[in-house]
There are 2 protein chains.
Amino acid sequence: MARGIAADDMTTGTATGVAADTTTAAGEAPTRRRATVKDVAREAGVSIGTVSRVIRQESSVTADIREKVEAAILRLGWQPSMAAQSMRGVRSRTIGFIFADIRNPLYAEMVKGAEDLLSEHGYMLIVASSDGRPEREQALIDRFSRWNVEGLLFSIEDESHPQVARALARVDFPKVMIERAHDNADARVCADHYRGTLHAAEYLLDLGHRRIGLISGGRRTWVGRSRLQAYRDAHASRGVPIDQRLLRLDSFSQSYGFRETQLLLGLDEPPSAILALGMRLLAGVLPAVRSRRCVIPRDLSLVVSNDSELAQLATPAISAIRYDPYALGREAAQLLMKNLGHGERLSGTRLEIPTEFVMRESCARIAPNPPAARPDEQQGGR
Amino acid sequence: MARGIAADDMTTGTATGVAADTTTAAGEAPTRRRATVKDVAREAGVSIGTVSRVIRQESSVTADIREKVEAAILRLGWQPSMAAQSMRGVRSRTIGFIFADIRNPLYAEMVKGAEDLLSEHGYMLIVASSDGRPEREQALIDRFSRWNVEGLLFSIEDESHPQVARALARVDFPKVMIERAHDNADARVCADHYRGTLHAAEYLLDLGHRRIGLISGGRRTWVGRSRLQAYRDAHASRGVPIDQRLLRLDSFSQSYGFRETQLLLGLDEPPSAILALGMRLLAGVLPAVRSRRCVIPRDLSLVVSNDSELAQLATPAISAIRYDPYALGREAAQLLMKNLGHGERLSGTRLEIPTEFVMRESCARIAPNPPAARPDEQQGGR
DNA sequence: TTGTACGCGTTATCAA
DNA sequence: TTGATAACGCGTACAA
């Protein structure tokens, strides 16, 4: 009576059969048993083999029997148990995706991209975040493996962590790294951060900037290394030396962006430009800049990565290094599907998503004279 | 020979053991079989029952045997198959979460909140997005059920969709609705949108606004209804009639925000204030406002929901109705855990997350005289 | 074309 | 304390 389900079925169907719960004498928990093939077979008056053949779309079933079975299935609301199917070697049609934090909009986009492509292939995506903790990454890999996922999309936190490497090695489904490089993966998909960063750094250098702050994270990942390398190469190509104190490479977090911006602007020789490379940094950089009554681009030029609504709509609009994370997720999933198709792995495949530089209003040319004494910068007099 | 497991074990003994693959004579696919209890039992020289007892932490196993078994497990890299365990009724320790689109940062926060709480209880969260399509919602519910999830967090798209209602009814685990109301769920957690919207609307009315545009979505959900009700009640309490043309209630999308803002501002009698209630609307509203050379708050007052970095850092900063989606996700998961604990369902529980109004610089007082002719509004006199 | 019986990898119940 | 064995729900040879 608390649950109208059984009652409803009774009145309508020929016989609810097993799916209906056995309400024990008193008003106890209405624990209802899930229907099984046997129940369906009995309900339809056939054998379990026939039921199995019906749901597996085998052609060797006569129309009327098929109808009877399908009706019974509908009546009982039966669905084959994944567990039992899985034990018989039926594929799970499921892909796992592990990354640090779903709150990073980039990952959210990638997840959506992957999910869309996978669903086109009848696959389902299950995601879990690791918080960037290697133990959790390892636990999740193991857990996914126990769930019989058929493949894994993974954005590892520390590419050189031995435990995680071992966990990756011992599972036998294809693995695609996202924005990372790893020997134990079959393929990787990354945005072209090197080129994007190179372009941005050269742009700033060519505007005359000689002290460019770099705020970013991911020291232990391919993304971090590419960006730093591009920053260095740009300086080398323009013959500009790098002041190590301008490098702040320990985190992507908003609070880190805030703190390090303040510190940079407080230096004796503050940078005249900042590269803030990491989705959430901008929301920390902007308040820090404003708190110092610093005006962009007059007092400071700024380039961020990735693009965001905030970068587009801030005043002034912030120039950004952009790429399409949705496409990245989609490509990665695509690669996984290909790998699943071939028995052999297309190992070593490496896909690169292009980056583009979106020029807005956050950068200004700087006078080539040394900023030692600046008598005229009081009110930005023309 | 096809599966070298036994052979490998023999030869290596303590070393890599079974997990290592046996590349068959030619360069064939190194298809590796997963180890099972039997393998472990054989490796450790015990029976499978003992192995099972070891991993289930039963106390009735002597220390030396336990050690032998654990060593064997480590050597073979064995993990009990979820499928087989599941068939024996072992709980999956997994919760499902269904919503429209993970790219909505609110959901991302909720997911994180739920995930954090669940992991404290040894549970794992698996999420999937429905794209707001009822068929997909239904398919996902069924799929989760087949995966033996123990509970479901769900933000249904259309509360009155019969198919989805039936899908919900036929699965027997506890279900908690997120930001929605539904008879077939055991509990619900919502933000107090009514109060938040009421406060915002009254605030605008008290500033003298008489024509307040409302842009939002979710007609078929509790959220949408609460907001509209609050909007109406605020007007009623201030004795202000509502012009139906100011109501734009068909979507939460950014593009909808852009289009409807343009349309509203193009009316013969445009609104003097806009309530944009939906996370992604602001990114559409702002450009639309700017494209009309309309200045906030001089020409238009604006209040949005939910709060965001964009609202905080835009110029001027935008007043917002705020709540904590992380807490919402966490509370919902908490409720689910409670439901799992008790055999009986704490049905009908309803939790409300408080909203607050964050006043910033996007609203201005408006003169009480009718805006029919406005000769002095050329350059914002004074 | 349909039914029967076995096995998948676990857990749990018996005996020993 | 340990070992043998019967389930669990499904897929599938094989028999009818």
Side-chain angles (χ1 to χ4, degrees), chain A residues 17-19 31-70 72-73 76-93 142-143 145-148 172, chain B residues 2-3 5-6 18 32-70 72-73 76-93 142 145-148 172:
Chain A
V18 183
T31 182
R32 161 180 47 180
R33 214 196 67 202
R34 261 179 68 170
T36 77
V37 236
K38 282 184 192 164
D39 302 320
V40 176
R42 190 166 355 110
E43 173 85 7
V46 298
S47 78
I48 60 168
T50 305
V51 176
S52 179
R53 281 186 278 266
V54 167
I55 61 164
R56 301 196 335 117
Q57 320 258 38
E58 279 193 26
S59 52
S60 64
V61 189
T62 42
D64 55 334
I65 293 235
R66 156 162 282 132
E67 271 176 37
K68 276 203 299 189
V69 171
E70 279 168 349
I73 290 177
L76 301 191
W78 174 71
Q79 311 188 158
S81 137
M82 272 244 129
Q85 285 193 147
S86 189
M87 284 200 48
R88 297 293 304 152
V90 173
R91 297 164 66 182
S92 67
R93 305 278 164 186
D142 289 347
R143 193 130 190 190
S145 150
R146 282 161 42 96
W147 275 94
N148 293 314
D172 57 353
Chain B
R3 357 168 294 293
I5 296 180
V18 181
R32 157 181 51 180
R33 213 197 68 200
R34 259 180 68 168
T36 77
V37 237
K38 283 184 189 165
D39 300 320
V40 175
R42 190 165 358 107
E43 173 86 5
V46 298
S47 78
I48 60 169
T50 304
V51 175
S52 178
R53 280 187 279 265
V54 167
I55 63 164
R56 303 197 27 242
Q57 321 257 38
E58 280 193 23
S59 52
S60 64
V61 189
T62 44
D64 55 334
I65 293 231
R66 157 162 281 132
E67 272 177 35
K68 275 203 300 189
V69 172
E70 280 169 348
I73 291 177
L76 303 191
W78 173 71
Q79 310 187 156
S81 136
M82 272 242 128
Q85 285 191 145
S86 191
M87 282 201 45
R88 296 295 308 157
V90 174
R91 298 164 65 183
S92 69
R93 305 277 163 186
D142 290 348
S145 148
R146 281 161 42 95
W147 275 90
N148 292 314
D172 57 354

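As a basis for the values below, the full set of heavy atoms in this structure was taken, side chains included, without hydrogen atoms, waters or symmetry mates. Quick note on labels: first sequence line is chain A, next is B, and so on, each numbered from 1.
- Contact check, Thr50(B) against dT2(D): no side-chain N or O comes under 4.0 Å of OP1 or OP2.
- Between Ser47(B) and dG3(D) there is a side-chain N or O to OP1 or OP2 distance below 4.0 Å.
- Two residues, Ser60(B) and Pro80(A), neighbour DNA chain D, and the one matched to the more 5' nucleotide by heavy-atom proximity is Ser60(B).
- Under the 4.5 Å side-chain criterion, counting only non-hydrogen atoms from C-beta, Glu58(B) is not in contact with Arg66(B).
- Summarising the geometry, the separation between CD on Gln57(B) and C1' on dT11(C) is reported as 15 Å, rounded to the nearest angstrom.
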Which atom pairs, donor and acceptor, lie under 3.5 Å between side-chain atoms of residues 78-88 of chain B and protein residues at least two apart or in another chain?
residue  : atom : partner   : partner atom : Å
Gln79(B) : NE2  : Asp142(A) : O            : 3.2
Ser81(B) : OG   : Ala83(B)  : N            : 3.2
Ser81(B) : OG   : Ala84(B)  : N            : 3.0
Ser86(B) : OG   : Asn148(B) : ND2          : 2.7

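- Within the structure, a side-chain polar atom (N or O) of Thr62(A) is placed less than 4.0 Å from OP1 or OP2 of dT2(C).
- When rounded to the nearest whole Å, the span between CZ of Arg42(A) and P of dC10(D) equals 13 Å.
- Remark on DNA chain D: of its neighbouring residues Val46(B) and Ala84(B), the 5'-side contact belongs to Val46(B), judged by nearest-heavy-atom nucleotide.
- In this entry the distance linking CD of Glu58(B) with C1' of dC14(C) reads 14 Å, nearest Å.
- Considering only the side chain of Arg56(A), dT12(D) comes nearest among dC10(D), dG9(C), dT12(D).
- At a threshold of 4.5 Å between non-hydrogen side-chain atoms, the residues Thr36(A) and Val40(A) do not count as touching.
- Nucleic acid contact class of Arg53(B) (heavy atoms, under 4.0 Å, all strands): base.
- When heavy atoms are screened at a 4.0 angstrom cut-off, Gln79(B) is found touching the sugar-phosphate backbone but no base atom.
- For dT1(D), neither phosphate oxygen OP1 nor OP2 lies less than 4.0 angstrom from any side-chain nitrogen or oxygen of Arg66(B).
- Per the geometry, CZ belonging to Arg34(A) stands 10 Å off C1' belonging to dG9(D), to the nearest Å.
- Here the nucleotide nearest the side chain of Val61(A), chosen from dT2(D), dT10(C), dT2(C), is dT2(C).
- Across all strands shown, Ser52(A) has heavy atoms under 4.0 Å from base atoms, whether or not it also approaches the sugar-phosphate.
- Remark: the Arg88(B) side chain and the dA12(C) base include no donor-acceptor N/O pair separated by less than 3.5 Å.
- As rounded to whole Å, 9 Å separates atom C1' of dG9(C) from atom CH2 of Trp78(B).
- Residue contacts for Ile48(A): at a heavy-atom cut-off of 4.0 Å it reaches a base atom on one of the strands shown.
- Residue Gln85(B) has no polar side-chain atom (N or O) positioned under 4.0 Å from OP1 or OP2 of dG9(C).
- The separation between Lys38(B) atom NZ and dT11(C) atom C1' is 14 Å, rounded to whole Å.
- With values rounded to the nearest 0.5 angstrom, Arg56(B) atom CZ is found 11.0 Å from Ser59(B) atom OG.
- Pairing each heavy atom of Ala44(B) with each of Val69(B), the nearest pair is CB-CA, 4.0 Å.
- When heavy atoms are screened at a 4.0 angstrom cut-off, Val51(A) is found touching no nucleic acid atom at all.
- Put simply, CE on Met87(B) is 15 Å from P on dG7(C), counting in whole angstrom units.
- Remark: C1' of dG9(D) and CG of Asp39(A) are 10 Å apart, rounded to the nearest angstrom.
- The heavy-atom pair separating Ile48(A) from Ala41(A) by the smallest distance is N-CB, 3.7 Å.
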